[in-house]
Number of protein chains: 2
Amino acid sequence: MFACKSAKMASVLMKSKTNHISEKVEEMGIIIEQMGYAPVPGRIVSYLLISEPPYRDFYEIQGFLKASKSTVSTTLNQLMQQGVVSYITFSGDRKRYFQINTKGLLDTIKQQYKQARVINNMVSEVLEHRKNSEFQRFNKELKEVINFSSYIHNGIEKMIKDWDKAHR
Amino acid sequence: MFACKSAKMASVLMKSKTNHISEKVEEMGIIIEQMGYAPVPGRIVSYLLISEPPYRDFYEIQGFLKASKSTVSTTLNQLMQQGVVSYITFSGDRKRYFQINTKGLLDTIKQQYKQARVINNMVSEVLEHRKNSEFQRFNKELKEVINFSSYIHNGIEKMIKDWDKAHR
DNA sequence: ACATTGGTTCGTTTTTTGCCGAACCAAAAA
DNA sequence: TTTTTGGTTCGGCAAAAAACGAACCAATGT
């Protein structure tokens with residue numbers, strides 16, 4: 001009886017807490033989705049970010065997300081391959097506990113910003129290709145785009161380099 | 001006969017040039033796809049960027065892409081709504097000539113970089129949420145991520161502000 | 001007035017994405 | 001040795017995204 005009541009209270013507490021976290025995971029998940037991920041990976045990353053403890057085993061993740069084993073498995077493996085998630089183990093416990101790999105996360109974010117180079121290259125190539133164009137007015141406008149793009153690109157590059165230097 | 005030969009030569013020339021441009025459009029298209037666009041919009045933007053003249057009518061675009069009228073129509077309208085494409089007209093010619101709106105393109109690129117704020121906010125919120133966590137080691141690692149994220153975010157913000165100031 | 005041009009609209013097809021379930025497997029426990 | 005645990009793999013399916021085609025329309029040309 002007492003045990004039952006206690007379990008019930010725990011469940012109620014759990015539930016409200018879980019709901020709160022659920023909401024957070026949901027909204028953070030959407031933000032992550034918008035940076036080009038599918039819903040489930042977004043939710044897993046969100047969950048591992050705000051979960052206390054910050055590591056969870058396979059079935060905890062699956063239970064929280066209410067997703068299938070296969071989905072959780074493949075998604076975790078993708079995230080691990082990407083370096084955003086890793087796992088720890090505890091001796092005498094066969095489970096793997098998945099967690100955010102903050103170093104990998106940082107690298108991924110860094111990598112994103114380095115993408116500035118790609119667009120900068122592209123747009124520079126365009127101007128190179130158009131150098132003998134009859135439409136210098138357009139070229140001049142394009143140059144403005146390239147100027148901005150290089151300006152940002154160089155700035156980001158420098159910032160990252162400085163950061164790396166300071167944190168080595 | 002002469003006319004025929006000339007047409008043939010033109011066609012051959014055209015073809016090689018078109019192929020060259022085709023390749024470029026294709027690869028630039030992929031880059032643009034990777035920033036979250038579908039293939040056709042990517043190709044249209046690419047085409048208008050490197051085409052000489054830098055404006056093309058509806059049927060030129062359609063013919064070059066070998067896409068359906070409907071696809072071209074809706075895509076052009078989307079791009080115009082986004083501000084990346086606009087059109088010009090010539091008197092005595094009913095056609096619209098579509099072209100890149102460099103100002104709109106610049107704004108779109110700018111907007112992309114401003115997205116840095118979103119991830120920075122999210123990750124800051126995570127730390128706020130975890131402030132009483134038992135896992136200070138993880139929190140410390142997260143702080144590193146946040147530091148980088150804010151650092152880049154502030155840098156980008158400042159760069160854009162400076163750019164806008166200098167180009168007003 | 002009729003035909004043509006320069007598109008637009010909308011219902012349909014095609015392709016891709018995201019996720020699931022069931023069967024499967026290796027390591028550990030019983 | 002058999003069972004259980006902690007996953008993995010693969011075929012399939014439903015929904016969403018992308019592209020299409022045919023019918024349509026307004027403005028211009030004849």
Side-chain angles (χ1 to χ4, degrees), chain A residues 22 25-26 28-48 51 53 55-82 84-99, chain B residues 22 25-26 28-48 51 53 55-82 84-99:
Chain A
S22 239
V25 166
E26 217 49 45
M28 284 170 58
I30 288 170
I31 291 171
I32 296 177
E33 271 183 66
Q34 285 164 351
M35 6 199 292
Y37 290 82
V40 170
R43 287 180 203 133
I44 289 184
V45 169
S46 305
Y47 181 49
L48 293 179
S51 156
Y55 47 81
R56 294 289 181 175
D57 71 51
F58 190 95
Y59 292 95
E60 284 176 320
I61 295 171
Q62 200 214 331
F64 181 83
L65 296 189
K66 289 157 180 52
S68 71
K69 280 210 293 178
S70 48
T71 300
V72 173
S73 173
T74 46
T75 304
L76 278 175
N77 286 328
Q78 280 165 203
L79 290 172
M80 287 197 293
Q81 182 147 351
Q82 248 202 68
V84 172
V85 166
S86 60
Y87 65 85
I88 49 174
T89 51
F90 300 98
S91 54
D93 184 349
R94 170 144 99 94
K95 286 186 194 111
R96 287 182 285 171
Y97 290 84
F98 299 94
Q99 62 177 8
Chain B
S22 237
V25 166
E26 217 50 44
M28 284 169 57
I30 287 171
I31 291 171
I32 295 177
E33 270 183 64
Q34 284 164 350
M35 8 199 292
Y37 291 82
V40 170
R43 287 180 203 135
I44 289 184
V45 169
S46 305
Y47 180 49
L48 293 179
S51 155
Y55 47 81
R56 293 289 180 173
D57 71 51
F58 190 95
Y59 292 95
E60 285 176 321
I61 295 171
Q62 200 215 333
F64 181 83
L65 296 187
K66 289 156 181 51
S68 70
K69 279 211 293 178
S70 47
T71 300
V72 172
S73 173
T74 46
T75 303
L76 279 175
N77 286 329
Q78 281 164 203
L79 290 172
M80 287 198 292
Q81 181 147 351
Q82 246 202 70
V84 173
V85 166
S86 60
Y87 65 85
I88 50 174
T89 51
F90 299 99
S91 55
D93 184 349
R94 160 146 106 94
K95 287 186 193 111
R96 288 181 284 171
Y97 289 84
F98 300 93
Q99 63 177 7

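Chain letters run A, B, ... following the sequence lines, proteins first, then strands; residues in each count from 1.
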For atom NZ of Lys95(A) and atom C1' of dT8(D), their distance in whole Å: 18 Å

Whole angstrom is fine here: how far is it from CG in Leu65(A) over to P in dG18(C)? 16 Å

More 5' along DNA chain D: Thr74(A) or Asp93(A), using each one's nearest nucleotide? Asp93(A)

Per-nt protein contacts along nucleotides 19-30 of chain D (heavy atom under 4.0 Å; B base, S backbone sugar-phosphate only, - none) come out as SBB-----BS--

Whole-Å gap separating P (dT5(D)) and OH (Tyr97(A)): 14 Å

Only distances under 3.5 Å count here; give the side-chain donor-acceptor pairs of residues 60-67 of chain A to other protein atoms, sequence neighbours excluded, each with its distance to 0.1 Å.
from     : atom 1 : to       : atom 2 : distance (Å)
Glu60(A) : OE1    : Asp57(A) : N      : 2.9
Glu60(A) : OE2    : Arg56(A) : NH1    : 3.3
Gln62(A) : NE2    : Ala67(A) : O      : 3.0

Please check this pair: side chain of Ser73(A) against backbone of Lys69(A), looking for a donor-acceptor N/O pair closer than 3.5 Å. no

Starting from C1' on dT8(D), measure out to OH on Tyr87(A) and report it in whole angstrom. 14 Å

Counting the benzene-type ring for Trp, do Tyr55(B) and Phe90(B) have ring centres under 6.0 Å apart? yes

Where is the tightest heavy-atom contact between Ser46(B) and Ile32(B), given as atom of each residue plus distance? OG-CD1, 3.6 Å

Using a 3.5 Å distance criterion without hydrogens, assess whether the side chain of Thr75(B) forms a donor-acceptor pair with backbone atoms of Val72(B). no

dG7(D) phosphate, OP1 or OP2: any side-chain N/O from Arg96(A) under 4.0 angstrom? yes

Distance, rounded to the nearest Å, where Arg56(B) contributes CZ and dG6(C) contributes P: 15 Å

Counting neighbours of OH on Tyr87(A) that are heavy atoms of other residues, nucleotides or ligands and sit closer than 6.0 Å, is the number greater than 12? no

Testing dT9(D), dT8(D), dG7(C) for proximity to the side chain of Tyr59(B), the answer is dG7(C)

Between atom CG in Leu76(A) and atom P in dG18(C), what is the gap in whole Å? 16 Å

Students often get this wrong, so: under 4.0 angstrom with heavy atoms, is Asn77(A) touching a base, only sugar-phosphate, or nothing? sugar-phosphate

Would you please say whether a donor-acceptor pair under 3.5 Å links the side chains of Thr71(A) and Ser68(A)? yes

Nearest whole angstrom, please: distance from the P of dT5(D) to the CG of Asp57(A). 13 Å

Separation of Ile32(A) atom CD1 from dG18(C) atom P, in whole Å? 15 Å

